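Here's the structure, in structure tokens; my notes come after.
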Number of protein chains: 2
Amino acid sequence: MSSATLNTDALSQRLADSGLRSTPQREVVYDVLLKKRDHPTADEVFARVKNGLPTISLATVYNCLETLVQCNLVRAVNFERGPTRYCPNLLPHAHFHDEKTGKTHDIDLPADLLEKVNSVLPPGYNPSSVEIIFRGKATGEVASSG
Amino acid sequence: MSSATLNTDALSQRLADSGLRSTPQREVVYDVLLKKRDHPTADEVFARVKNGLPTISLATVYNCLETLVQCNLVRAVNFERGPTRYCPNLLPHAHFHDEKTGKTHDIDLPADLLEKVNSVLPPGYNPSSVEIIFRGKATGEVASSG
DNA sequence: CTTGCACCTTAGAACCATTCCAATTTGTTG
DNA sequence: CAACAAATTGGAATGGTTCTAAGGTGCAAG
Ligand SMILES: [Mn+2]
Ligand SMILES: [Mn+2]
Ligand SMILES: [Zn+2]
Ligand SMILES: [Zn+2]
């Protein structure tokens with residue numbers, strides 16, 4: 001069984017769990033996100049998806065992306081007021097936005113750090129999510145994560 | 001000497017340092033931000049500023065806000081793709097966005113926590129800023145910070 | 001089957017925060 | 001004062017996203 005099939009199955013499963021249908025558009029959008037994890041914008045996803053599905057519309061790409069976010073298969077990430085970017089990395093992680101190249105890097109967050117971060121909240125604050133965004137320059141050749 | 005005069009002086013000083021002029025518009029915009037620290041949007045600042053300066057334009061409010069951010073007297077804060085909000089709190093702090101009320105709360109960040117957060121970055125990553133945003137519900141009556 | 005109906009996709013219009021533009025006003029300097 | 005630069009203004013333009021209305025798709029009940 002190919003990994004594309006596994007992904008597709010996982011997707012169908014999640015969609016079904018939410019009472020939604022698996023469609024070619026949703027599958028291809030999800031595949032595109034898994035294949036190149038460089039935090040593409042909706043426009044970039046649109047361009048990539050058209051290779052496999054030339055008649056898809058931008059509206060549908062937005063719809064599919066929102067569906068994937070709703071199903072918790074993808075995270076939406078924003079930097080300032082730039083276009084929303086999409087990330088299939090479901091592990092807790094921060095983002096490093098390289099001001100020089102415009103590239104976005106995933107930064108793994110150990111559970112104990114998340115705990116410490118949450119501990120700065122006074123009693124009564126009940127966070128449902130935390131987001132950590134670094135901005136700066138990533139010098140030289142550093143590891144993975146598009 | 002009133003505190004408004006002190007603020008105005010601090011502002012003039014910073015502007016002069018950047019080779020910029022102190023203007024009534026810039027002063028009133030800055031005063032509005034200092035007076036009610038609830039992270040207003042440009043539109044909200046516009047509405048408040050019109051009380052003291054009825055003929056000011058929205059474009060000027062945007063210009064003034066950008067100037068204040070450039071001079072490091074004010075921070076611009078973004079939540080998702082909502083309108084940019086403005087914050088005169090210059091201490092290192094995170095933001096808690098209350099999903100119920102829409103209100104934004106400042107959360108002080110101890111220096112040692114910032115250090116720990118920065119320490120998750122692999123070598124080669126050179127951050128110029130970090131931003132921490134909590135999202136959730138703030139239950140009951142909790143301290144200050146609009 | 002086949003009809004009903006909800007779900008999906010689509011193109012294009014609408015939206016809205018922000019930026020840009022050209023014209024005017026203001027302030028500083030010689 | 002005159003000249004010039006900086007700042008303000010109203011309105012147009014921008015651009016990512018959402019909305020709308022119309023058609024397509026596919027499971028489900030009869
Ligand atoms: Mn960016
Ligand atoms: Mn908000
Ligand atoms: Zn990511
Ligand atoms: Zn703040």
Side-chain angles (χ1 to χ4, degrees), chain A residues 8 11-30 32 39-50 52-71 73-86 102 104, chain B residues 8 11-12 14-30 32 39-50 52-71 73-87 102 104:
Chain A
T8 296
L11 173 58
S12 309
Q13 193 54 59
R14 286 295 189 92
L15 289 169
D17 289 353
S18 303
L20 302 173
R21 292 182 190 157
S22 186
T23 67
Q25 290 86 351
R26 284 170 180 172
E27 286 173 18
V28 175
V29 166
Y30 188 43
V32 155
H39 304 83
T41 63
D43 267 345
E44 288 165 348
V45 171
F46 184 41
R48 294 176 197 177
V49 161
K50 278 200 278 198
L53 218 53
T55 62
I56 196 172
S57 73
L58 178 58
T60 298
V61 170
Y62 273 103
N63 292 340
C64 293
L65 289 170
E66 195 192 325
T67 298
L68 295 173
V69 169
Q70 232 74 57
C71 293
L73 285 163
V74 165
R75 276 176 61 184
V77 182
N78 292 283
F79 300 117
E80 257 114 67
R81 302 234 348 131
T84 298
R85 297 176 170 277
Y86 296 88
T104 299
Chain B
T8 297
L11 172 59
S12 309
R14 285 295 189 94
L15 289 170
D17 289 352
S18 302
L20 302 173
R21 294 179 189 161
S22 185
T23 68
Q25 289 86 351
R26 285 170 179 171
E27 286 173 17
V28 175
V29 166
Y30 188 44
V32 156
H39 303 84
T41 64
D43 267 345
E44 288 165 346
V45 171
F46 184 40
R48 294 176 197 176
V49 161
K50 278 200 279 199
L53 218 52
T55 62
I56 196 173
S57 74
L58 179 58
T60 297
V61 170
Y62 274 103
N63 291 339
C64 292
L65 288 170
E66 195 193 325
T67 298
L68 294 173
V69 169
Q70 232 73 56
C71 293
L73 286 163
V74 165
R75 275 177 61 184
V77 181
N78 295 108
F79 300 117
E80 257 114 69
R81 301 232 349 131
T84 299
R85 297 178 169 278
Y86 296 88
C87 171
T104 299

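Residue numbers start from 1 in every chain, and the chains themselves are labelled A, B, ... in the order their sequence lines are given, proteins ahead of strands. Remember, predicted model here, so these are calculated numbers, not experimental data.
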* Using a cut-off of 4.0 Å between protein heavy atoms and nucleotide atoms, how would you tag nucleotides 6-21 of chain D 5' to 3' with B, S and -? -> BSSBB-----SBB---
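A straight line from CG of A/Leu68 to P of C/dT9 spans 10 Å, rounded to a whole angstrom. In this structure, B/Phe46 atom CZ and C/dT18 atom P are separated by 14 Å, rounded to whole Å.
Under the 4.5 Å side-chain criterion, counting only non-hydrogen atoms from C-beta, B/Asp43 is not in contact with B/Pro83. Side-chain atoms of A/Ser18 and A/Gln70, non-hydrogen and from C-beta on, never get closer than 4.5 Å to each other. The closest side-chain heavy-atom distance from A/Arg26 to A/Val29 is not below 4.5 Å. When side chains are defined from C-beta on, B/Leu15 does not count as touching B/Arg21, because their heavy atoms never get closer than 4.5 Å. The closest side-chain heavy-atom distance from B/Leu73 to B/Thr67 is not below 4.5 Å.
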